Number of protein chains: 2
Amino acid sequence: MAKLKKTKCAADLRARILRQELAPGCDLDEVSLAAEYGISRTPLREVFHRLAAEGYIRIEENRGGKVASMDFPVLRVFFQTAPLVYSSIARQAAENRTSVQVAGLKDTQLAFTKAARAGDAAQSGLLNHAFHEQIGEMAQNPYLFAALMRMLIDHTRLGQTFFAPQSSEDQARVKKAIEQHDAMISAIEAQEPSLAIDLTLQHWELSRDQLEKFVRPDPLPIDVISMKDRPRAV
Amino acid sequence: MAKLKKTKCAADLRARILRQELAPGCDLDEVSLAAEYGISRTPLREVFHRLAAEGYIRIEENRGGKVASMDFPVLRVFFQTAPLVYSSIARQAAENRTSVQVAGLKDTQLAFTKAARAGDAAQSGLLNHAFHEQIGEMAQNPYLFAALMRMLIDHTRLGQTFFAPQSSEDQARVKKAIEQHDAMISAIEAQEPSLAIDLTLQHWELSRDQLEKFVRPDPLPIDVISMKDRPRAV
DNA sequence: TTGACTCACTTTGTATACATTTATTATACA
DNA sequence: TGTATAATAAATGTATACAAAGTGAGTCAA
């Protein structure tokens, strides 16, 4: 019972960080968080140290925990590394998945689909995260899994806008993402590594286009006059 | 001062696990370890949670910390994954290294060479670990770095015998490893990624041959008579 | 002898109190 | 008014005390 509160606290903190409810760099107050989760500072601090080693937060000497930042240089590396890690994981997931794991993945995909169609951005992001984490578990590769989890922290935080469709284009993208997930499940279930890799890379391309737009948004229009012709451009 | 004891405790525990002084699966008693490091159980447990998330130990509900095991299925994955991670790290290290980091790497290599030539197996293993960790830091890739660190935990533990040369063959291998390190430093310093990758893969081959011998040792001789002809075969 | 149960003992988990460090405010002085 | 410094408040880090769970020896009944 008591231990449940601790794991729940850790899980909730992770979720809040992934949802950017706790923004990068945000200061984490021990006393208020401990009160919030109904535990004392001792177990909370143990959670902090766990999250620090997982890459969610960093702990500074005598000034407590802060949400891990997302500096620009790292983002560049993120885009460089994602295809390698995601495709390697996909390959091994297709090779090593168990049928129980496939069933679990389908459950997650079902929940994800519902949330995405309902336009619940926060929940979609978390379920998308869970989806890819589950594929990571299928790979049975603790080494790459560690890399994957760190990628997903940043990926989910960056993609927070992804599942909040505004334009009809956005909605089409979300629909495509759902379909890609379904295809990935099939490839993994059929144990076809090379197909799983292809689908994963396509999925990454879709996500990357959106993320890059977020990181490097369209510049504001220079010619003010022409704005009249496309009033919703911004 | 007090915080130093904590980081020292964490570093020492890591080293003891890497040296297999604390064997895989070994139980970690909180009170005795706390006493040993001159700290109370509270900070020690925080260290435990850190090490758990780093993959050095695992913490079981109500029965404390145990050194992470090295099960056989994972070893298979280890050999599969090492070339990918090590070579990717090497590439980016050559691309992104700073001169300060190169200087640090040379220092480590110097200490490593001394320890290896002196036949100090434990120290050699740790310094070899530090050498490859420093290359990991040069890569400036937190995602792959996480994978690397997990690989090195198992690599260093497995290779514990590597730097305890018994036969003259073993001594030749250690000498070759030292030379390969030097060549890797040069490639990284010269910022030649493809060369760094080649050298890293060669280095891995050398290590792999030795490790596989450790994991899958030569079978005991079946023909007892022939033993007389090669008394040091076992 | 075996098996289950009890009770003492050991170990882990949590809360609280205290020490130490950092942040903030107030005050003095230029 | 602005800066430096002292005093105060707030937050983090650690130790200790207590609660809860696990472990094991010993006992007794079948």
Side-chain angles (χ1 to χ4, degrees), chain A residues 1-17 20-71 153, chain B residues 1-17 20-71 153:
Chain A
M1 178 62 194
K3 193 62 168 293
L4 280 184
K5 278 200 275 190
K6 208 163 103 173
T7 51
K8 203 142 204 305
C9 160
D12 190 60
L13 281 176
R14 288 193 197 95
R16 287 167 78 172
I17 292 170
Q20 300 234 34
E21 183 187 321
L22 295 172
C26 172
D27 212 284
L28 299 171
D29 184 51
E30 294 182 1
V31 287
S32 58
L33 283 174
E36 187 174 335
Y37 291 108
I39 57 180
S40 75
R41 282 177 53 227
T42 306
L44 178 70
R45 283 171 59 86
E46 291 177 355
V47 169
F48 271 26
H49 283 271
R50 253 227 150 71
L51 296 186
E54 289 174 6
Y56 283 88
I57 70 176
R58 69 177 193 284
I59 297 176
E60 286 174 35
E61 189 86 356
N62 286 321
R63 64 190 60 170
K66 302 201 193 318
V67 176
S69 58
M70 286 194 294
D71 19 39
I153 292 174
Chain B
M1 177 64 193
K3 194 60 168 295
L4 281 185
K5 279 200 275 189
K6 208 163 103 174
T7 50
K8 205 146 203 302
C9 161
D12 191 61
L13 281 177
R14 288 194 196 93
R16 287 167 78 172
I17 291 170
Q20 300 234 33
E21 182 186 321
L22 294 171
C26 171
D27 213 285
L28 300 171
D29 184 50
E30 294 181 1
V31 286
S32 57
L33 283 174
E36 187 174 335
Y37 291 108
I39 57 180
S40 74
R41 283 177 52 228
T42 306
L44 178 69
R45 283 171 59 86
E46 292 176 355
V47 169
F48 271 26
H49 282 271
R50 253 228 153 70
L51 297 186
E54 289 174 5
Y56 284 89
I57 71 176
R58 70 177 192 285
I59 296 176
E60 286 174 34
E61 188 87 357
N62 286 321
R63 65 190 58 170
K66 301 200 194 320
V67 176
S69 58
M70 287 194 294
D71 21 36
I153 292 174

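Note that the structure is predicted; figures quoted are calculated from it, not measured. Naming: A, B, ... by sequence-line order, numbering from 1 per chain.
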- Query: What salt bridge (charged side-chain N to carboxylate O under 4.0 Å, His left out) pairs are there with at least one residue in residues 58-69 of chain B, not counting sequence neighbours?
  - Reply: Lys3(A)-Glu61(B), Asp27(B)-Lys66(B), Arg58(B)-Glu60(B)
[X] [atom1] to [N] [atom2]: how many Å, rounded?
X: Arg45(A); N: dT12(D); atom1: CZ; atom2: P; result: 8 Å
X: Leu28(B); N: dT12(C); atom1: CG; atom2: P; result: 9 Å
X: Glu60(A); N: dA23(C); atom1: CD; atom2: C1'; result: 14 Å
X: Leu44(A); N: dT14(C); atom1: CG; atom2: P; result: 11 Å
X: Glu46(A); N: dG13(D); atom1: CD; atom2: C1'; result: 14 Å
X: Asp29(A); N: dA23(C); atom1: CG; atom2: C1'; result: 13 Å
X: Lys66(B); N: dT11(C); atom1: NZ; atom2: C1'; result: 11 Å
X: Ile59(A); N: dG13(D); atom1: CD1; atom2: P; result: 7 Å

Please give me the minimum heavy-atom distance between [X] and [Y], naming the atom from each residue.
X: Gly38(A); Y: Lys5(A); result: O-NZ, 3.2 Å
X: Gly55(A); Y: Ala68(A); result: O-CB, 3.4 Å
X: Ala10(A); Y: Leu51(A); result: O-CD2, 4.3 Å
X: Ala23(A); Y: Val67(A); result: O-CB, 3.2 Å

- Task: To the nearest 10°, let me know how far the axis at one end of the helix from dT1(C)-dA30(D) to dA30(C)-dT1(D) is tilted from the axis at the other, five pairs an end.
- Result: 10°
Please list each protein N or O that sits under 3.5 Å from an N or O in nucleotides 15-20 of chain D, with the distance.
unit_1  : atom_1 : unit_2   : atom_2 : d
dA15(D) : OP2    : Ser40(B) : N      : 2.6
dA15(D) : OP2    : Ser40(B) : OG     : 2.8
dA15(D) : N7     : Thr42(B) : OG1    : 3.0
dT16(D) : O4     : Thr42(B) : OG1    : 3.2

- Message: As an exercise, state the distance from OG1 of Thr42(B) to CD of Glu30(B), rounded to the nearest 0.5 Å.
- Response: 9.5 Å
- Lys6(A) side-chain N/O to dT14(C) phosphate OP1/OP2 under 4.0 Å: yes
- Please figure out whether Glu61(B) or Glu61(A) has its closest DNA chain C nucleotide nearer the 5' end. Glu61(B)
- Can you list, by residue number, the residues of residues 47-55 of chain B that have a non-hydrogen atom closer than 4.0 angstrom to DNA chain C? none
- Sequence-distant partners of Arg14(A), salt bridge (charged side-chain N to carboxylate O under 4.0 Å, His left out), two or more places apart: Glu54(A)
- Only counting residues at least two apart or in another chain, list the ones meeting side-chain hydrogen bond (donor to acceptor under 3.5 Å, both in side chains) with Asp29(B). Ser32(B)
- Testing dT12(C), dT14(C), dT12(D) for proximity to the side chain of Glu30(B), the answer is dT12(C)
- Message: Restricting to side-chain contact (heavy atoms from CB on, under 4.5 Å), what partner residues turn up for Leu33(A), sequence neighbours left out?
- Response: Leu13(A), Arg16(A), Leu28(A), Glu36(A), Tyr37(A), Leu44(A), Phe48(A)
Provide a list of protein-nucleic acid N or O atom pairs under 3.5 angstrom, restricted to nucleotides 5-10 of chain D.
none

